[in-house]
2 protein chains.
Amino acid sequence: MTKQQERTERSTRALLDAAGAIIVEEGFAAMTFAKIGERAGYSRGLVTARFGSKEGLVETLIDLIVNGWSHKNVIPATKGADGIDGVETLIMSIRRQIARDDTGVKVLYALMFESLGHDVALKERFSRLHHTMRRDFAGMVRQGIRDGTIRPDVDPKREAVLIISGLRGIGYQWLLDQGRFDPLPALDYLAQTTVDRLVADKDAQ
Amino acid sequence: MTKQQERTERSTRALLDAAGAIIVEEGFAAMTFAKIGERAGYSRGLVTARFGSKEGLVETLIDLIVNGWSHKNVIPATKGADGIDGVETLIMSIRRQIARDDTGVKVLYALMFESLGHDVALKERFSRLHHTMRRDFAGMVRQGIRDGTIRPDVDPKREAVLIISGLRGIGYQWLLDQGRFDPLPALDYLAQTTVDRLVADKDAQ
DNA sequence: TATAGGTTATTTGTCACCGAACAAGCTACC
DNA sequence: GGTAGCTTGTTCGGTGACAAATAACCTATA
């Protein structure tokens with residue numbers, strides 16, 4: 001790799017890191033070009049030069065998190081795991097990621113919640129993300145019903161909504177009480193209660 | 001009541017309604033003095049004259065919702081209901097309020113999520129709100145354990161976190177998918193699964 | 001290998017815009 | 001006529017965007 005590429009890569013990385021840190025610490029609205037540049041150790045103008053616009057930067061940031069984390073960790077983890085295991089694995093892979101390095105997840109959640117009020121494009125993006133997420137969860141539940149690991153009387157769609165609600169609500173309380181709310185036990189309990197509820201019980205039915 | 005008071009009351013009401021509507025439709029960030037005034041049928045200057053500052057307006061708005069709705073509907077509904085009934089009633093009273101008139105709840109949720117990125121004061125306020133809410137839920141669970149309506153092996157604090165997570169997550173998906181996500185069945189399912197999990201089961205243990 | 005000329009990365013200067021806040025003035029009520 | 005409600009004019013700070021200037025780097029050529 002040439003020195004120019006290295007330079008670009010280093011500054012891009014610094015800018016994205018700075019942007020993420022600002023979003024987590026002070027929120028999306030506080031993320032101005034001047035602040036990003038200063039924090040990254042560059043000028044305020046570089047952000048525009050590199051990403052074109054604020055939207056471009058955010059898009060890149062989300063791609064980085066979703067593709068570099070979700071796709072690399074969450075998807076493979078659930079591959080092979082069927083039915084009830086898939087559901088549990090999906091929740092626990094988020095837990096694992098937070099335990100290892102919480103910054104990416106924090107940025108993602110902060111953007112998710114704050115996107116409600118700002119950009120229509122961002123809102124649309126997260127809306128789609130939730131649609132597919134609900135579909136995936138519901139699919140796993142259906143799979144579990146088919147393979148007998150999940151009791152047949154559960155409604156896959158409602159389950160998907162409830163599980164995702166749990167995830168998002170934990171994320172919200174986590175961000176709201178920076179440092180004082182531990183998401184890990186909450187995720188554990190979410191996983192545990194979900195499994196308990198879904199698992200085929202010999203006595204029931 | 002004198003005509004002056006009526007006038008003030010009418011304009012105050014109009015301003016608060018407009019502010020709420022803007023928050024719901026376009027988000028907290030889009031809520032500018034000019035927009036509020038225009039929408040309410042007054043000038044942009046009245047907001048400052050009436051509430052002093054933007055913070056003052058938001059404070060008033062939250063008070064109006066929390067004191068005028070939560071305290072009037074939720075608290076009395078759970079009075080008398082003990083243990084498991086209290087938990088279910090609390091969830092269902094939110095459901096009832098949304099079914100009757102969802103605007104207030106929507107405004108509250110929108111502020112909750114967006115406050116993450118804006119005001120520190122707002123964040124602090126919602127942080128406290130969640131603390132007391134968790135404490136209240138945990139108290140109800142403990143009460144239920146004492147009076148035998150809730151199984152003794154549940155952890156009140158973890159339950160409180162999980163239930164509130166469910167509520168917030170449903171709220172988030174509701175706001176994200178304006179018009180396409182129905183919170184009512186989700187709240188029903190949340191209440192049902194919560195009760196199923198908490199209720200003293202003769203076979204268990 | 002030295003360096004000139006071109007290319008890419010980064011900074012600085014500047015503009016147009018928007019928002020909150022306040023003050024001075026105007027209008028409705030009493 | 002006086003007070004309370006409301007409006008208009010204005011200021012000030014801050015923002016994203018872009019263009020022009022500068023600095024770092026790369027390459028071709030002698």
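Here is how names work: the chains are called A, B, and so on, in the same order as the sequence lines, proteins then strands, and each is numbered from 1.
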- Query: Nucleotide range of DNA chain C contacted by chain B, 5' to 3', under 4.0 Å to a heavy atom?
  - Reply: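 So the outermost contacting nucleotides come out as C:dG19 to C:dC30.
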
Is it true that a side-chain atom of [X] and a backbone atom of [Y] form a donor plus acceptor pair closer than 3.5 Å?
{"X": "B:Ser127", "Y": "B:Lys123", "value": "no"}
{"X": "A:Glu114", "Y": "A:Tyr109", "value": "no"}
{"X": "B:Thr8", "Y": "B:Gln4", "value": "yes"}
{"X": "B:Lys54", "Y": "B:Met31", "value": "yes"}

- Item | Residue pairs, two or more places apart or on separate chains, that pass ring-ring contact (aromatic ring centres under 6.0 Å, His included) and touch residues 2-45 of chain B |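 For residues 2-45 of chain B, and leaving out neighbouring residues, the ring-ring contact (aromatic ring centres under 6.0 Å, His included) pairs sorted by first residue read B:Phe28-B:His118.
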
- Message: B:Arg50 vs B:Thr12, test: side chain to side chain donor-acceptor pair (under 3.5 Å). Steps then yes/no.
- Response: CA-CA 7 Å; B:Arg50 186 59 43 80; B:Thr12 302; 2.7 Å; yes

- Going by number, which of residues 16-47 of chain B have a non-hydrogen atom under 4.0 Å from DNA chain C?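 Under 4.0 Å from DNA chain C: B:Met31, B:Thr32, B:Phe33, B:Arg44.
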
- Task: Return the residues of residues 52-62 of chain B meeting this criterion: a heavy atom under 4.0 Å from some atom of DNA chain C. Order them by number, or give none.
- Result: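 Contacts with DNA chain C under 4.0 Å: B:Ser53, B:Lys54.
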
- Message: Just verifying a value: how many Å separate B:Asp153 CG and B:Leu198 CG, rounded to the nearest 0.5 Å?
- Response: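 Result: 10.0 Å between the selected atoms.
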
- Query: Rounded to the nearest 0.5 Å, what separation is found between the CD1 atom of A:Ile65 and the NZ atom of A:Lys106?
  - Reply: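 Output value for this atom pair is 13.0 Å.
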
- Are A:Arg128 and B:Asp177 within salt-bridge range, i.e. N to O under 4.0 Å?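 No, no charged N to carboxylate O under 4.0 Å.
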
- Quick one: do A:Asp147 and A:Arg142 make a salt bridge, cutoff under 4.0 Å?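 So A:Asp147 does not pair with A:Arg142 through a salt bridge.
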
- Polar side chain donor-acceptor pair, A:Ser165 to B:Gln173, under 3.5 angstrom: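 Side-chain D/A pair, A:Ser165 to B:Gln173: present.
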
- Message: Taking ring-ring contact (aromatic ring centres under 6.0 Å, His included) as the definition, give me every residue that meets it alongside A:Phe113, ordered by chain and number, with sequence neighbours left out.
- Response: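 Expected list: A:Tyr172, B:Phe113, B:Tyr172.
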
- Message: So if I take residues 4-11 of chain A and measure heavy-atom distances to DNA chain D, which residues fall below 4.0 Å?
- Response: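 Residues of residues 4-11 of chain A that come under 4.0 Å of DNA chain D are, in numerical order, A:Gln4, A:Arg7.
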
